[in-house]
Amino acid sequence: MNMPEISIVAPAYNEEASLEAFYDRMVAVLDKAGIDGEIIFVNDGSTDTTLERLVALHAQDSRVVIVDLSRNFGKEIALTAGLDHVRGQAAIPIDVDLQDPPELIPELIAKWREGYLIVNARRSSRQGETFIKKATASAFYRLMEKFDPQSTIPANVGDFRLIDRKALNAINSMRERHRFMKGIFAVVGFKQAFVDYDRDPRFGGKTSFNYWKLWNFSLEGITSFTTLPLRLFGYAGILVAMISFCYGVFIMTKAILFDDPVAGFPTLFVAVSFLGGVQLIGLGVIGEYLGRVFNETKNRPLYFVNTLYAADQDDAVSLRSKQAVSE
């Protein structure tokens, strides 16, 4: 079969409310612009009717490819699975919830044809998001820029972008278990461009991300791409030692020169509590990095595919316990 030029990659977890609307808008964009493309849906262990609806779309349109994962692996792994199955010369990851407009795709492709290997869709506005969500997102991007200036993650850029095959091969070669895709997209470099757009509210359904998950996601990004937190606790240890030494000299001076009695229990309690807290936080940071090393050494597959509904076959091909390895 002829390989498509563009592969749309759309992870889906319980997206029955938005699925048909997303497909209709995506197909309308591809047909109107004359884009030779495929739409790769990754069913990330949905518990609603998402898979059944996807199978129905596959039956009526050979451009629809379904990668049905064996369970819910999370969005970052689901996106990786979709990128592993890309056959086109460029891939465009996009969410099914229609916050990112499919109508922007022709502009991304136009930039790509100018010679850019990665074309980022940058959000000019973020409708439907709370002030806290916007503020924390802005703070996260600033923090990541301070932590790792060599591979800066573009602010207000999500997964929605165009990735040329050359850049995609580089991205797929990085198989770490703790995946922070925004960081992986940024670290590969290559010639990049930006297309601005206004982000819409969700078309339907509810997001699976709450503030606790977003907090853990932020920690994932920080610990995956910088060791600065470890270095900071080294600096904190030096600072605490210097303060303790200066305070000890101060206490001794008062006792010797002014015959001032040393307050025993309060001083000891404060010092032990403070140092104990610093040590526990430091051990927690070390534990985060050690846990990642432990997971990497197990070398488990990133995901397992239950069934692949491919464009070049009528029947589903069972790929149980398939390990995805990017060549």
Side-chain angles (χ1 to χ4, degrees), residues 3-11 35-40 42 44 65 67 69 73-95 100 104-105 107-122 141 144-145 147-195 217 220-227 292-293 295-297 299-303 305 322-327:
M3 295 296 103
E5 183 182 26
I6 302 295
S7 295
I8 309 298
V9 178
I35 300 170
D36 178 22
E38 64 178 352
I39 309 173
I40 303 174
V42 183
D44 189 24
V65 177
V67 181
L69 301 185
F73 287 89
K75 183 183 177 182
E76 305 298 283
I77 297 294
L79 178 55
T80 300
L83 295 177
D84 286 340
H85 288 82
V86 165
R87 298 183 305 142
Q89 292 305 305
I92 301 179
I94 185 172
D95 292 339
D100 302 322
L104 192 69
I105 289 177
E107 293 186 45
L108 300 180
I109 294 176
K111 282 289 184 182
W112 171 53
R113 288 174 175 158
E114 292 177 10
Y116 295 98
L117 297 188
I118 296 180
V119 184
N120 301 294
R122 182 168 52 194
Y141 287 121
M144 287 299 296
E145 184 177 2
F147 276 5
D148 190 10
Q150 298 301 318
S151 57
T152 301
I153 299 174
N156 294 317
V157 175
D159 296 326
F160 186 31
R161 68 191 71 203
L162 183 146
I163 308 169
D164 180 80
R165 169 57 66 178
K166 182 177 182 180
L168 180 62
N169 289 340
I171 290 168
N172 286 342
S173 70
M174 293 184 281
R175 308 303 291 181
E176 58 257 41
R177 270 64 199 160
H178 292 270
R179 303 187 69 77
F180 181 66
M181 295 305 295
K182 295 179 181 64
I184 292 177
F185 291 150
V187 79
V188 297
F190 296 109
K191 187 179 180 181
Q192 302 193 17
F194 293 87
V195 174
F217 185 62
E220 194 78 53
I222 293 171
T223 54
S224 295
F225 283 87
T226 178
T227 58
R292 280 155 175 74
V293 173
N295 287 333
E296 293 295 330
T297 57
N299 198 31
R300 292 176 179 173
L302 293 180
Y303 59 87
V305 177
K322 169 184 175 292
Q323 179 178 3
V325 179
S326 177
E327 297 297 336

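This chain uses plain numbering: 1 for the first residue, then up along the sequence.
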When every non-hydrogen atom of L83 is compared with those of N172, the smallest separation belongs to O-ND2, 3.4 Å
request  = Measure the shortest side-chain to side-chain distance between F185 and D159 over non-hydrogen atoms and say whether it is less than 4.5 angstrom.
outcome  = yes
_Min side-chain heavy-atom separation V188-M174 under 4.5 Å_ = yes
Separation between CG (N120) and CG (L108), nearest 0.5 Å, reads 9.0 Å
Rounded to the nearest 0.5 Å, the CD1 atom of I118 sits from the NZ atom of K166 at a distance of 11.5 Å
Residues G82 and I40: closest non-hydrogen pair is O-CD1, 4.0 Å
Salt bridge present between K191 and E114 (N-O < 4.0 angstrom):
no
In terms of heavy-atom contacts, A78 and L69 come closest through CA-CD1, 4.1 Å
So CD1 of I77 and CE of M181: to nearest 0.5 Å the spacing works out to 8.5 Å
_With side-chain contact (heavy atoms from CB on, under 4.5 Å) as the criterion, how do R175 and D84 come out once you've worked through the C-alpha distance, each side chain's angles and the decisive distance to 0.1 Å?_
CA-CA 11 Å; R175 308 303 291 181; D84 286 340; 3.0 Å; yes
Rounding to 0.5 Å, atoms CD1 (I8) and CD1 (I35) come to a distance of 7.0 Å
### Task
Classify the ring geometry between Y303 and H85 as parallel (under 30°), tilted (30 to 60°) or perpendicular (over 60°).
tilted
Taking the side chain from R161 and the backbone from P93, do they hold a donor-acceptor pair closer than 3.5 Å? no
dist N169:CG -> D164:CG (nearest 0.5 Å) comes out at 9.0 Å
State, yes or no, whether a side-chain contact exists between K75 and D95 at a heavy-atom distance under 4.5 Å. yes
Here the gap from L168 atom CG to F190 atom CZ, rounded to the nearest 0.5 Å, amounts to 10.0 Å
Checklist line | Non-hydrogen side-chain atoms of V157 and F194 separated by less than 4.5 Å | finding: yes
Which of L79, D44, L302 passes side chain to side chain contact (heavy atoms under 4.5 Å, CB included) with F73? It is D44
Next item on the list: Please report the C-alpha distance between W112 and I92 in whole Å, then the side-chain angles of each, then the deciding distance to 0.1 Å, and finally whether the side-chain contact (heavy atoms from CB on, under 4.5 Å) criterion is met.
Entry: CA-CA 11 Å; W112 171 53; I92 301 179; over 6 Å; no
A170 and S173 have their tightest heavy-atom pair at O-OG, 2.6 Å
When every non-hydrogen atom of R165 is compared with those of R87, the smallest separation belongs to NH2-C, 3.7 Å
task: Could you tell me whether a side-chain N or O of E38 sits under 3.5 Å from a main-chain N or O of V65, the two making a donor and an acceptor?
output: no
message: I'd like to check I184 versus E76 (side-chain heavy atoms, cut-off strictly below 4.5 Å). Are they in contact?
response: no
Practice item. Apply the test side-chain contact (heavy atoms from CB on, under 4.5 Å) to residues K111 and L162: give CA-CA distance (whole Å), side-chain angles for both, the deciding distance (0.1 Å), then the verdict. Key: CA-CA 9 Å; K111 282 289 184 182; L162 183 146; over 6 Å; no
